[in-house]
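First the structure, in the form of structure tokens, and then the observations on it.
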Amino acid sequence: VIAEMDVPASDAVDAQTAIIAVFEAQYVRFCRLAYLLTGDAGRAEEVVMDAFARSLAAWRTRAPGQPDAYVRRAVVNLCRNRRRRSWLERRHARARTEDVVMVAEPIDHVWAAVLALPPRQRAAIVLRYWDDLSEAQIAAALGCSPGTVKSQLSKARATLSGVLGVEEDS
Amino acid sequence: MSLEDRLRQSLGAAGRALHSDRPAVSELEARAHRRRRRTALAAGSGAGVVVIAVAVAIFAAGSPHARDTTLGAAARATSTSSPAGHADNGGAPGGQPPTTAGVGQVTGTTPSVGASGSGSSPPASVVHPNGTTTTRPGSTTTTAPATTGDVVVTQDDAGKTFDLRVGQRLIVNLQGSGGWDYTEPASDDSAVLARLSGGADASTGDATATFRGQAVGQAHAMWTKDPPCRKANPPCMPPTALFEVTVNVV
């Protein structure tokens with residue numbers, strides 16, 4: 001309660017305005033980010049709306065900072081959680097019936113290899129090579145250190161290099 | 001082509017393939033508002049945990065009827081305490097916005113719970129055992145003149161609207177009677193209506209909270225109440241009744 005009251009009302013209004021500005025300018029971009037992380041267009045839009053709603057609700061009581069980075073982190077977190085939940089749902093569905101048909105969206109083999117990576121490596125790769133973020137920015141989005149990002153990227157590149165039969169840049 | 005170039009090319013093409021229309025800002029604001037309200041209600045969701053614990057205990061005791069009834073309520077309590085209706089807790093860094101008190105989830109004995117008990121005002125909404133929600137249309141609206149003194153409301157003021165100046169205080173005093181317990185009122189938007197203090201007395205069923213108009217806007221002070229049969233063994237599992245007053249901070 002004290003933390004809430006420490007935030008001046010004017011800051012809360014500024015924060016709200018900032019989140020809405022990011023929503024208007026970058027909604028589609030965040031949808032694409034979520035799409036690349038989940039491989040599911042419908043789920044991507046749901047995740048992004050949820051991330052913006054959470055951010056808008058939370059920022060009514062927090063001082064402004066970098067709203068786009070804040071929303072990006074929410075999107076990445078939700079994609080990781082949703083993907084885990086959908087995996088559990090599929091596993092339970094298979095346990096109930098043997099003839100479950102999974103309809104996958106058409107994707108190219110490079111993206112398919114990225115989607116097969118562990119969640120954190122996948123997020124690091126997408127943020128690095130699609131969003132062109134620095135290691136420090138990726139660390140902020142993933143909630144880890146830049147050193148961890150570097151190691152995750154290295155492992156991911158090694159895996160992708162093997163799967164795709166392509167050599168890494170030095 | 002190097003691995004990095006192939007990744008850029010492939011991910012770029014995949015991203016561009018997604019075409020999405022941005023929803024209206026009003027849709028986002030409505031969604032955020034609903035989330036704030038759910039979060040405020042779920043604050044201090046200890047009662048939900050208690051209901052689940054009771055459900056487990058009764059399950060072990062083996063009463064089929066009690067088991068069904070209790071688990072239904074436990075499911076409702078669980079869904080209420082999960083603000084976005086998701087099992088996950090992922091989301092924005094820092095997670096949930098700080099919430100203002102509220103000692104737990106409360107329910108009433110019957111669907112007409114709002115008309116009984118110590119207060120005569122009907123609840124703003126009732127969540128029925130089948131999962132449907134009934135929202136009371138056309139709340140009685142009474143606007144109190146904005147003054148410099150404190151605005152004091154009671155359970156009889158549920159559904160009304162009050163004006164409050166920035167800096168002015170709103171005091172909610174709820175008096176339990178006949179075994180009915182009120183929960184500590186919470187604000188659904190602390191940026192507009194900040195809670196300063198409050199508490200609930202389990203022995204009397206009374207609850208109180210003091211708010212302050214923080215910024216111009218509209219917010220709600222909300223509370224719920226427990227019927228006497230919630231103290232029975234096994235406890236009853238009736239629908240959830242929500243009460244609120246609307247506050248316009250001017």
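Numbers restart at 1 for each chain; the letters A, B, ... are given by sequence-line order, proteins then strands. Worth saying up front: this structure is predicted, and the values here are computed from it rather than measured.
- Using a 4.5 Å cut-off between heavy atoms, A/L33 does not touch chain B at all.
- The two residues B/A14 and A/L36 make their nearest non-hydrogen contact at CB-CD2, 3.6 Å.
- In this structure, CG in B/L18 is found 6.0 Å from OH in A/Y35, a value given to the nearest 0.5 Å.
- Within the model, atoms CG of A/L160 and CD of B/E4 stand 9.5 Å from one another, a figure rounded to the nearest 0.5 Å.
- Taking A/R128, A/R72, A/R32 one by one and counting their heavy-atom pairs under 4.5 Å with chain B, the maximum is reached by A/R32.
- Shortest non-hydrogen contact noted between A/F52 and B/L28 is CB-CD1, 3.4 Å.
- We find the CH2-CG distance between A/W130 and B/L7 to be 14.0 Å, quoted to the nearest 0.5 Å.
- Most heavy-atom pairs under 4.5 Å with chain B, from the set A/E24, A/R29, A/E45: that is A/E24.
- The CZ atom of B/R22 sits 13.5 Å away from the CZ atom of A/F30 when rounded to the nearest 0.5 Å.
- Interface residue A/V114: only side-chain heavy atoms are found under 4.5 Å from chain B.
- In this structure, the salt bridge (Lys or Arg N to Asp or Glu O under 4.0 Å) partners of B/R8, at least two apart in sequence or on a different chain, are A/D132.
- If you tally non-hydrogen atom pairs under 4.5 Å between each of B/S10, B/G12, B/G217 and chain A, the highest count goes to B/S10.
- A pairwise comparison of heavy atoms in A/V166 and B/L3 identifies CG1-N, 3.5 Å as the closest pair.
- For B/E29, the parts lying under 4.5 angstrom from a heavy atom of chain A are both the backbone and the side chain.
- For A/L164, the parts sitting under 4.5 Å from any heavy atom of chain B are the backbone and the side chain alike.
- Contacts between A/V110 and chain B at a heavy-atom distance below 4.5 Å involve backbone atoms as well as side-chain atoms.
- Ranking B/R16, B/Q9, B/H19, B/E27 against chain A, the residue ahead of the rest is B/R16, based on heavy-atom pairs under 4.5 Å.
- Contact record, B/A32 with A/A53: CB-O, 3.7 Å, taken as the closest heavy-atom pair.
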